[in-house]
Amino acid sequence: MSKKTGVIISGGGTGGHIFPAISIANAIKEITPDADILFVGAENRMEMSYVPKAGYPIKGLPISGFDRKNPLKNIIVLFRVFQSQILARKIIIQFKPNVVVGVGGYASGPTLRMAGRLGIPTLIQEQNSFAGITNKLLAGKADKICVAYDGMERFFPKDKIIVTGNPVRQTLLENRYTREQAALELKLDPTKKNILILGGSLGARALNDSVMANLDLIRVTHNVQFLWQTGKYYYNDILSALRNAEEVANLFPIDFISDMEMVYKATDLIISRAGAGSISEFSLLKKAVILVPSPNVAEDHQTKNAMALVNKGAAIHIPDSEAKERLISFAINLITDNVRLDCLRENIAQMAVVGSAQRIATEVLKLTK
């Protein structure tokens with residue numbers, strides 16, 4: 001009896017890494033139903049709960065990111081890197097994968113490094129328009145590098161690059177709702193315009209501060225509703241602050257959105273960070289978007305992601321430092337400009353790449369041969 005195809009997928013940290021990784025795993029199972037898939041993530045990070053919910057086993061490494069503000073703390077980080085490499089090697093030897101895939105995040109570094117040393121083929125999935133440090137370090141020994149943007153040969157060996165786009169959650173494309181149905185499910189008035197403020201799975205302080213600083217403006221904008229994902233970390237403090245303020249009947253805070261298809265369907269304009277996974281979703285779903293890149297990411301890659309769209313008229317960019325003053329008033333003006341909204345939607349749709357997870361899964365399975 002022949003051995004099942006074994007695949008390790010490593011990475012995580014945020015929904016932007018986790019959900020595409022799960023989409024790749026699902027696509028592999030569609031092509032090769034008996035494939036044996038194991039995830040390797042970072043202990044105490046989101047992937048340790050979300051991956052099992054998707055039906056896949058996961059092992060955790062004790063790795064964490066470097067502390068740029070407190071260099072002395074990095075002594076502990078270096079020790080964790082060493083521990084993680086030893087544990088990653090043990091996991092790989094026990095699981096005996098045919099291929100190892102890195103999707104970004106802390107765990108992908110030691111896992112792919114050990115796979116390379118053990119002679120196992122590796123594939124990197126780089127989501128951003130500006131490659132992260134870990135992926136640049138791993139690229140030399142990687143067999144294939146799947147990217148979402150053109151021009152990535154400035155970071156990676158050209159002969160290894162395959163333009164696949166970024167995978168998105170398959171549920172987003174199911175079309176279970178009309179706009180009216182989605183609005184009613186969310187207890188919104190379907191006759192009014194809806195702005196979605198999307199801080200990502202962890203929340204975004206600058207977006208939250210922008211809302212709280214402009215409650216008076218939101219309150220008097222009666223023809224617009226604001227669905228606001230605060231992030232679980234900020235949610236209770238925000239609810240407390242809102243209780244002590246005058247009621248804002250058209251503002252709907254929520255800590256975390258589980259049914260993104262429903263929310264996207266009801267939304268006319270999105271305010272978001274500029275994570276690569278989110279941008280891929282906006283493109284496929286043809287959504288008008290204002291991007292406020294996070295300044296707290298490596299190499300300022302979110303600004304580069306945003307400008308890749310802005311330069312093609314596919315998104316609006318407002319810097320994080322200007323958000324509190326400009327963001328909400330700009331969004332309220334934009335949502336009444338149907339011509340500009342339609343232009344943004346048409347241009348962002350031109351950047352969509354369909355079937356990214358299937359393309360990446362095909363490349364992963366080629367390496368198992």
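Values in this document were obtained by computation on a predicted structure and should not be read as measured data.
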Without hydrogens or angle criteria, can the side chains of [X] and [Y] be said to hold a donor-acceptor pair below 3.5 Å?
X      : Y      : answer
Thr230 : Asp255 : no
Glu281 : Asn166 : no
Asn135 : Glu126 : yes
Thr303 : Asp300 : yes
Asn98  : Lys4   : no

How many angstroms lie between atom [atom1] of [X] and atom [atom2] of [Y], to the nearest 0.5 angstrom?
X      : Y      : atom1 : atom2 : answer
Ile37  : Ile9   : CD1   : CD1   : 5.0 Å
Phe79  : Gln83  : CZ    : CD    : 4.0 Å
Leu227 : Tyr264 : CG    : OH    : 11.5 Å
Leu207 : Ile197 : CG    : CD1   : 7.5 Å
Lys232 : Met46  : NZ    : CE    : 8.0 Å
Lys193 : Asn223 : NZ    : CG    : 8.5 Å

Keeping the roles fixed (side chain from [X], backbone from [Y]), state whether a donor-acceptor pair exists under 3.5 Å.
X      : Y      : result
Arg176 : Met262 : no
Thr111 : Ser108 : no
Lys192 : His222 : yes
Thr368 : Leu365 : yes
Ser210 : Ala206 : yes
Gln302 : Ser294 : yes
Ser23  : Ala357 : no
Asn128 : Ala131 : no
Asp337 : Asn333 : no
Thr178 : Gln181 : yes

Quick check on [X]: does its [atom1] atom have over 12 non-hydrogen neighbours (other residues, nucleotides or ligands) under 6.0 Å away?
X      : atom1 : value
Lys324 : NZ    : no
Asn44  : CG    : no
Glu153 : CD    : yes
Glu325 : CD    : no
Asp34  : CG    : yes
Lys59  : NZ    : no

Do [X] and [Y] make a side-chain contact, defined as non-hydrogen atoms from C-beta onward lying under 4.5 Å apart?
X      : Y      : value
Leu291 : Leu309 : yes
Trp228 : Ile238 : yes
Arg359 : Cys146 : no
Pro167 : Gln125 : yes
Val353 : Thr164 : no
Ile28  : Val7   : yes

Please evaluate residues Lys160 and Asp143 with respect to the criterion side-chain contact (heavy atoms from CB on, under 4.5 Å), reporting the C-alpha separation (whole Å), side-chain torsions for both, the decisive distance (0.1 Å), and the verdict.
CA-CA 7 Å; Lys160 296 182 179 183; Asp143 293 271; over 6 Å; no
Can we say Asp320 and Arg205 salt-bridge, meaning some charged N sits less than 4.0 Å from an Asp/Glu carboxylate O?
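No, Asp320 and Arg205 are not salt-bridged.
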Got a salt bridge between Lys287 and Asp268, using NZ or NE/NH1/NH2 to carboxylate O under 4.0 Å?
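No, this pair does not count.
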Start with the C-alpha distance between Glu247 and Arg219, add both sets of side-chain angles, then the distance that settles salt bridge (Lys or Arg N to Asp or Glu O under 4.0 Å), and finish with yes or no.
CA-CA 8 Å; Glu247 184 184 6; Arg219 188 183 293 110; over 6 Å; no
Same apolar cluster (I L V M F W Y, side chains within < 4.5 Å links), [X]/[Y]:
X      : Y      : value
Val224 : Ile316 : yes
Leu251 : Ile328 : yes
Leu184 : Leu186 : no

State, to 0.1 Å, how close [X] and [Y] come at their nearest heavy-atom pair, and which atoms those are.
X      : Y      : answer
Ser84  : Pro62  : OG-CD, 3.4 Å
Ala315 : Val310 : O-CG2, 3.6 Å
Gly60  : Leu87  : O-CD2, 3.5 Å
Arg326 : Ser329 : O-OG, 3.1 Å
Gly12  : Val103 : N-CG2, 4.3 Å
Leu239 : Pro253 : CD2-CG, 4.1 Å

Applying the side-chain hydrogen bond (donor to acceptor under 3.5 Å, both in side chains) test to Lys265, which of Asn175, Asn194, Asp259 qualifies?
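Per the side-chain hydrogen bond (donor to acceptor under 3.5 Å, both in side chains) rule, the option paired with Lys265 is Asn175, out of Asn175, Asn194, Asp259.
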Stepwise side-chain contact (heavy atoms from CB on, under 4.5 Å) check, Leu284 with Val354:
CA-CA 7 Å; Leu284 279 169; Val354 179; 3.9 Å; yes
Ring centres under 6.0 angstrom apart (Phe155, Phe130):
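Centroid distance Phe155-Phe130: below 6.0 Å, so yes.
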Could you check Ile332 against Leu217 for side-chain contact (heavy atoms from CB on, under 4.5 Å), going step by step and ending with a plain yes or no?
CA-CA 9 Å; Ile332 290 170; Leu217 179 58; 3.7 Å; yes
Name all residues meeting the side chain to side chain contact (heavy atoms under 4.5 Å, CB included) criterion together with Ile257; count only those two or more places apart in sequence or in a different chain, and write none if there are none.
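Residues passing side chain to side chain contact (heavy atoms under 4.5 Å, CB included) with Ile257: Leu196, Leu198, Gln229, Ile254, Met260, Val263.
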Parallel, tilted or perpendicular: ring planes of Tyr50 versus Phe256, cut at 30 and 60 degrees
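Correct class here is tilted.
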Identify, with sequence neighbours excluded, every residue that meets ring-ring contact (aromatic ring centres under 6.0 Å, His included) alongside Tyr56.
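Only Phe39 meet the ring-ring contact (aromatic ring centres under 6.0 Å, His included) criterion with Tyr56.
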Partners passing ring-ring contact (aromatic ring centres under 6.0 Å, His included) against Tyr149 (at least two apart in sequence or in another chain):
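So Tyr149 forms no ring-ring contact (aromatic ring centres under 6.0 Å, His included) with any residue.
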Take Ile318 and Phe330 through the test side-chain contact (heavy atoms from CB on, under 4.5 Å) and record every step on the way to the result.
CA-CA 9 Å; Ile318 292 182; Phe330 187 96; 4.1 Å; yes
Met212: which of Asn208, Asp209, Leu215 passes side-chain contact (heavy atoms from CB on, under 4.5 Å)
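Per the side-chain contact (heavy atoms from CB on, under 4.5 Å) rule, the option paired with Met212 is Leu215, out of Asn208, Asp209, Leu215.
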